[in-house]
Peer 1: 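So that we are looking at the same thing, I have put the structure below in structure tokens.
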There are 2 protein chains.
Amino acid sequence: MALWIQILPGSSEPIYVQVAEQISKAIARGELASGDKLPAVRKLAAELVINPNTVARAYSRLEQAGLVTTKTGSGTYVSDPKLRRHDAADINILTDRMDTLITRGLNLGLEEQDIIAMFKGRLAKFVNKKAERRKND
Amino acid sequence: MALWIQILPGSSEPIYVQVAEQISKAIARGELASGDKLPAVRKLAAELVINPNTVARAYSRLEQAGLVTTKTGSGTYVSDPKLRRHDAADINILTDRMDTLITRGLNLGLEEQDIIAMFKGRLAKFVNKKAERRKND
DNA sequence: ACAATTGTATTAAGACTTTTAATACATTAT
DNA sequence: ATAATGTATTAAAAGTCTTAATACAATTGT
């Protein structure tokens with residue numbers, strides 16, 4: 001299992017956000033499962049040729065989101081999905097982001113059905129990857 | 001028709017993004033239709049108690065997205081939806097954002113059906129508002 | 001016990017972005 | 001003409017992002 005994380009130099013997204021986001025996606029796709037260990041802060045920093053502080057910030061962000069738990073001296077591990085909680089605030093943020101996304105789609109001239117079809121298509125890829133992974137375990 | 005735009009002081013989003021985003025949503029919902037005139041740069045700046053440059057930057061962003069056209073000396077107007085084009089790059093950005101959104105939802109512990117239902121619900125509100133507006137015209 | 005590895009914290013500096021401010025200019029409307 | 005429009009420029013203040021160089025605390029492996 002090599003390293004999938006790739007930082008885009010031209011992106012307006014801060015590096016620590018890019019790293020956290022890509023790890024989040026790996027978790028959502030099931031490529032990283034509960035208990036899996038993330039690369040050590042210094043090791044990942046060396047591979048990506050960025051500062052260890054930047055990786056630490058990404059990990060801190062993941063921990064705040066409840067996706068990983070860290071044990072100083074041991075490492076950073078993907079947390080148990082069953083323990084992940086969401087409250088009303090989380091849902092509000094999610095629906096706000098949905099509205100932003102829908103705004104973009106409609107203003108690009110896309111039709112309601114097209115947008116839904118696209119969304120379902122993307123979502124299916126996540127779930128399929130998870131199913132494949134369960135099969136191979 | 002008073003002013004709907006509200007800037008959140010605590011937000012990490014730049015003010016010019018907040019302004020552009022809210023106008024985009026108004027257009028997507030049909031609250032602003034083709035030909036409608038946006039508030040003058042200086043006027044909106046005065047109402048929001050921000051710098052005119054910041055509003056100008058928001059308008060510039062909307063023009064770059066093809067949502068408005070500006071005529072110096074006259075004003076800024078919502079452009080014709082039929083003229084709005086999208087290319088492959090636009091779709092790529094949209095699907096990337098969808099993936100980010102889906103990642104959030106799944107990692108909050110939401111089920112596939114819940115996420116789709118939420119998304120459809122939000123989208124329906126946009127389309128319904130447009131339908132209502134057509135009725136009242 | 002010891003050494004290596006882990007995450008964390010601090011301080012500093014440079015680069016970049018955001019916002020305000022103060023003008024000035026060009027075009028359009030009245 | 002006069003007023004109102006969008007645009008452009010220059011400057012400064014405040015904040016964010018990233019790197020750098022350390023140092024500390026806790027765990028792991030021997």
Side-chain angles (χ1 to χ4, degrees), chain A residues 1 3 5-24 27 32 34-79, chain B residues 1 3 5-24 27 32 34-79:
Chain A
M1 165 171 56
L3 207 27
I5 296 175
Q6 186 186 0
I7 63 182
L8 305 173
S11 172
S12 66
E13 292 287 337
I15 296 174
Y16 79 94
V17 172
Q18 294 184 45
V19 172
E21 194 59 43
Q22 292 186 44
I23 294 175
S24 292
I27 293 173
L32 283 175
S34 176
D36 283 355
K37 186 176 181 175
L38 297 190
V41 165
R42 292 168 180 78
K43 192 181 170 193
L44 181 53
E47 293 194 38
L48 300 178
V49 196
I50 59 179
N51 196 280
N53 295 346
T54 305
V55 175
R57 197 171 176 187
Y59 282 14
S60 166
R61 169 173 270 242
L62 292 170
E63 189 179 29
Q64 196 180 357
L67 295 179
V68 303
T69 57
T70 65
K71 290 181 190 170
T72 299
S74 174
T76 303
Y77 304 87
V78 177
S79 64
Chain B
M1 165 171 57
L3 207 27
I5 297 175
Q6 188 186 357
I7 62 181
L8 305 174
S11 173
S12 66
E13 293 287 336
I15 296 174
Y16 78 93
V17 173
Q18 294 184 45
V19 172
E21 195 58 44
Q22 292 186 43
I23 294 174
S24 293
I27 294 173
L32 283 175
S34 176
D36 283 355
K37 186 176 182 176
L38 296 190
V41 166
R42 292 168 180 79
K43 192 181 169 191
L44 181 54
E47 293 194 39
L48 299 178
V49 195
I50 60 179
N51 197 279
N53 294 347
T54 306
V55 175
R57 198 170 176 186
Y59 282 15
S60 165
R61 169 173 268 241
L62 291 170
E63 188 179 29
Q64 197 180 356
L67 294 180
V68 303
T69 57
T70 64
K71 290 180 189 170
T72 299
S74 173
T76 304
Y77 303 87
V78 177
S79 64

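Residue numbers begin at 1 in each chain, while the letters A, B, ... track the order of the sequences.
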Peer 1: Would you kindly give the CD-to-P distance between B:E13 and D:dG15, to the nearest whole Å?
Peer 2: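 It is 18 Å, rounded to the nearest whole Å.
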Peer 1: Could you tell me the separation between the CZ atom of B:R57 and the C1' atom of D:dG6, rounded to a whole number of Å?
Peer 2: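 Taking CZ of B:R57 and C1' of D:dG6, I get 17 Å after rounding.
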Peer 1: Show, in sequence, the C-alpha distance, side-chain angles and deciding distance for B:Y59 and B:V41, and conclude whether the side chain to side chain contact (heavy atoms under 4.5 Å, CB included) test is met.
Peer 2: CA-CA 8 Å; B:Y59 282 15; B:V41 166; 3.8 Å; yes
Peer 1: Would A:T54 and A:V19 count as a side chain to side chain contact (heavy atoms under 4.5 Å, CB included) here? Give the steps.
Peer 2: CA-CA 9 Å; A:T54 305; A:V19 172; 5.8 Å; no
Peer 1: Rounded off to whole Å, could you give me the CG-to-P distance for the B:N51 and D:dG6 pair?
Peer 2: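 Interatomic distance, CG of B:N51 to P of D:dG6: 14 Å.
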Peer 1: Expressed as a whole number of angstroms, how long is the span from B:L44:CG to D:dA4:P?
Peer 2: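 After rounding, the gap between these two atoms is 17 Å.
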Peer 1: What one-letter contact string describes nucleotides 3-16 of chain C from 5' to 3', where B marks a base within less than 4.0 Å of any protein heavy atom, S marks contact via sugar-phosphate atoms alone, and - marks no contact?
Peer 2: --BBBBBB------
Peer 1: Quick one: B:R61 CZ to C:dT19 P, roughly how many Å, whole number?
Peer 2: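 The distance from CZ of B:R61 to P of C:dT19 comes to 11 Å, rounded to the nearest Å.
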Peer 1: Using the test side-chain hydrogen bond (donor to acceptor under 3.5 Å, both in side chains), find all partners of A:E13 that sit at least two apart in sequence or belong to another chain.
Peer 2: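 side-chain hydrogen bond (donor to acceptor under 3.5 Å, both in side chains) check on A:E13 returns nothing, list empty.
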Peer 1: Once side-chain hydrogen bond (donor to acceptor under 3.5 Å, both in side chains) is applied, do any residues pair with B:T70, and if so which ones, sequence neighbours excluded?
Peer 2: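 Testing B:T70 for side-chain hydrogen bond (donor to acceptor under 3.5 Å, both in side chains), a comparison that skips the adjacent residues, returns B:E63.
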Peer 1: Is any side-chain heavy atom of B:I15 closer than 4.5 Å to one of B:L48?
Peer 2: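 They are not in side-chain contact.
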Peer 1: Whole Å only: how far is the CD1 atom of B:I50 from the C1' atom of C:dT19?
Peer 2: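 The distance from CD1 of B:I50 to C1' of C:dT19 comes to 10 Å, rounded to the nearest Å.
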Peer 1: Using only atom types and a distance under 3.5 Å, with no angle test, would you say the side chain of B:S79 pairs donor to acceptor with the backbone of B:G66?
Peer 2: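 Confirmed, B:S79 side chain pairs with B:G66 backbone.
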Peer 1: Write down the distance between OH (A:Y16) and P (D:dT18), rounded to a whole number of angstrom.
Peer 2: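 Whole-Å distance recorded here is 7 Å.
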